[in-house]
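Structure, as structure tokens:
Each chain gets a letter, A, B and so on, in the order its sequence line appears, and its residues count up from 1.
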There are 2 protein chains.
Amino acid sequence: MFAIKGDLIWTESPNRFRSMKDGYLVIDNGRVADITQQKPSLAVDDWSGHLIIPGLTDLHMHAPQYMFAGLFMDEELLDWLNNHTFPLEARYSDPGFAAKAYKALSEDLRKSPTTRAAVFGTIHADADIILVKALSESGIRGYAGKVNMNRNSPDCLIESEEESLRETERFLKEAEWGRIQPIITPRFIPSCTDSLMRKLAAFGLPIQSHISENRSEIGWVRELCPYASGYADAYDKLGLLTPDTIMAHAVWLEDEEMDLLGERGVHIAHSPSSNTNLSSGIAPARRFLDKGLRVGLATDVAGGSTLSMLRIVADAVQVSKLRYSLVDSSQRPLSLSEAFHMASKSSGFFPKTGSFEKGYAADAVVLPDEDISVLSGELSIEERLEQYIYRRAESCVAAKYVEGVKVWPL
Amino acid sequence: MFAIKGDLIWTESPNRFRSMKDGYLVIDNGRVADITQQKPSLAVDDWSGHLIIPGLTDLHMHAPQYMFAGLFMDEELLDWLNNHTFPLEARYSDPGFAAKAYKALSEDLRKSPTTRAAVFGTIHADADIILVKALSESGIRGYAGKVNMNRNSPDCLIESEEESLRETERFLKEAEWGRIQPIITPRFIPSCTDSLMRKLAAFGLPIQSHISENRSEIGWVRELCPYASGYADAYDKLGLLTPDTIMAHAVWLEDEEMDLLGERGVHIAHSPSSNTNLSSGIAPARRFLDKGLRVGLATDVAGGSTLSMLRIVADAVQVSKLRYSLVDSSQRPLSLSEAFHMASKSSGFFPKTGSFEKGYAADAVVLPDEDISVLSGELSIEERLEQYIYRRAESCVAAKYVEGVKVWPL
């Protein structure tokens, strides 16, 4: 047992922050045992004067794309995929390149506020095995998957159904699991035949994919799946909507599709930065909340250009304001606490993480928030967090703990 | 004469970047004398391997608000003004507070990519005199104004017409001008009587104010100025629309109002980050360009939370994509070069700045762009700039020159 001391701030429900000045986060066996202002008789990591937040969850990101984060942003989704993303992902057929690229990702991820993530690899099992190791070395916990693609993909980045299944099995068997767990990762309906999809669903593992990101994509899915009433129904008929499924984006879902995701218990990875960069639109986050859907936030690197989930918190608030002022004034913007809650407690995909409630995983991030402004000394803990999110979100964290283990600084 | 060496990138027209690998920017008497890949027989500041861009113009920002940048972002414009901004600006009646706050701004501005700015102070002439000194010490050049407010303002932040004019004159006389020049600064129509506005216009100096930021504000102006057909017409009838006038925002201008600003040669300060944060909307930047209006970009600190004009370049592109996908698909998004051009050559308010064309002011910013990604070595200069803008925009610059004088590092 030990404790971490600092200015603690977290959410239990979306509507408000909880905070404790000079609080001790008492950690027992990787879990939060207590929060108290009474000095405990334990070893203390003293971060007095710093903000300490729960670790954040990045519910959707593409590891191979980190190398080109912030590039090619003048294009929309389907052009961006075909002209840049697919050819660059093809380079991961070279394990040497993969090792170099995933090491860079791992080092940056270590210094980010992310403690949990659901991660796409590429179709290349060898590179994906390297990815699992790199993610594990970054100190975070999460899920990583080998991507499946057997149609509508360039020659440099396509596999047969048989290869796709065989390599998925090899990936599951050969990767060194541990902090990271496997997740089935069909890219999206346009890239996978119905037959492959059904066989992937039959693994009975968690699943991650994409849904309704862009209007052209939706029209395409309608052509590809004439048997379904829409994008969500197609996934449902293929057996992919489960309580352990993450679907990224959901920008353009119809009302009944949202209800279907709700019934199936699917986790939505809201990716505001990416949806902006690729001119996809603004997902109706307020509607998701009103319907009680399970929603978390995501960077969607490299549609999103940042690894920082704190930047994504600001982005989620900002796009919700634009949606409110330009699209639907009946859906009020997200408050900061709501967006922060979506990034910390997230959708529940990682149960009992993202809060300082007793029994939660002791994932904690110390922020270097000193001296942001001449007002610093007068601000509440909540105001300091707001100012940090808007002004310092891209900074390296001061320290990070995952299940009670300090993973940064080394 | 001397030269700065590095990977030069700039725009001459909005549609494309120009660049030169290992180029020498030859500077004579504070102006660009030449750009060449031939080593000149001159002293050289060697920034080989770094990107060098022209200095950027922040066409609209509120110096007193920098202390609370990134705070109170859950409110809309009029509440944000009344609940937070006005009471906090009132603190600048204390010159000691002003000195501390403006010193912090000055230090951060020095390390930002901004070389030119048009800056609002507060109503307090003594604090504004301190502001002029602090801006001058930051190394930038630009304009600063004492704010005028004689109606619809809280008791802590209001002046009579007579005081407002007398203190404006004192400010003009007592400030230590030099790198900074004076600009008349009526806050906006709701805060200034018609009589005060007319007398301010009669100074014959450059003018800065706000127009059509938010829909509630527009309704209010309509009530206050029944003699005018709209917001722009009201300013025009008061004599405030001149070729040396900057109007911030212009989010909700009618078509004929845009034309009026065009006829008068007014400079529009497009403030995408602030317009997002305050739920104001998205200004039709593409329409401004199509109509040939004079448009520059602005942080609008503290509606905007960043001092970095490079972050504003990304914001301008991003909101234009959302406007395209949600409001008007006939207005294509801004490209990166268009947004960069709006931040560098800007509206022309600072003539012959923001480019490396011969005869332009030698304002140059060196970016610390090394090692952004494993692709760095393979990227073009333009791609490196894009990646920097999306991923490192908030970083301190590596060096900054204003009219050929190195102002950072000291």
Revision key, fill the gap. Given A:Val327, A:Ile282, A:Leu105, the one with more heavy-atom pairs under 4.5 angstrom with chain B than any other is A:Ile282

Check your understanding: Using non-hydrogen atoms only, which part of A:Glu378 is less than 4.5 Å away from chain B: side chain, backbone, both, or neither?
Key -> side chain

Point to revise | Polar side-chain atom of A:Lys321 near backbone of B:Asn277 as donor-acceptor pair, under 3.5 Å | key: yes

Exercise for review: State which residues pass side chain to side chain contact (heavy atoms under 4.5 Å, CB included) with A:Arg392; sequence neighbours excluded, sorted by chain then number.
Suggested key: A:Ile372, A:Tyr388, A:Ser395

Review point. For residues A:His249 and A:Asn275, is any side-chain donor paired with an opposing acceptor at under 3.5 Å?
Key: yes

Review point. Which bit of A:Leu71 is near chain B, if near means a heavy-atom gap under 4.5 Å: side chain, backbone, both or neither?
Key: both

Point to revise | Contact winner vs chain B - A:Leu336, A:Thr306, A:Leu334, A:Leu379, heavy-atom pairs under 4.5 Å | key: A:Leu336

Study note, to complete from the structure: Interface check, chain B: of A:Ser373, A:Ser273, A:Ser325, most non-hydrogen pairs under 4.5 Å belong to A:Ser325

Check your understanding: Do you know which of A:Ala104, A:Pro333, A:Ala69, A:Ala314 has the most heavy-atom pairs under 4.5 Å to chain B?
Key -> A:Ala69

Practice item. Measure distances from B:Arg215 to the heavy atoms of chain A and classify the residue's part below 4.5 Å as side chain, backbone, both or neither. Key: side chain

Review point. Under a 4.5 Å heavy-atom cutoff, which of A:Glu76, A:Arg323, A:Gln387, A:Gln318 has the most pairs with chain B?
Key: A:Gln387

**Study point:** Contacting moiety of A:Arg91, where chain B heavy atoms sit under 4.5 Å
**Key:** side chain

Review point. Quick one: CZ on B:Phe72 to CG on B:Leu278, what's the gap to the nearest 0.5 Å?
Key: 12.5 Å

Exercise for review: Indicate whether any N or O donor in one side chain lies under 3.5 Å from an N or O acceptor in the other, for A:Asp108 and A:Tyr66.
Suggested key: yes

Practice item. Measure from the side-chain N and O atoms of A:Ser337 to the backbone N and O of A:Pro14, and report whether any donor-acceptor pair falls under 3.5 Å. Key: yes

**Study point:** A:Ser106 side chain to A:Ala134 backbone, donor-acceptor under 3.5 Å
**Key:** yes

Exercise for review: Using a strict cut-off of less than 4.0 Å between a Lys/Arg side-chain nitrogen and an Asp/Glu carboxylate oxygen, indicate whether B:Glu382 and B:Arg16 qualify as a salt bridge.
Suggested key: no

Check your understanding: Under a 4.5 Å heavy-atom cut-off, does chain B meet the side chain of A:Tyr324, its backbone, both or neither?
Key -> side chain

Point to revise | Contact origin within A:Ala101 toward chain B - heavy atom pairs under 4.5 Å | key: both

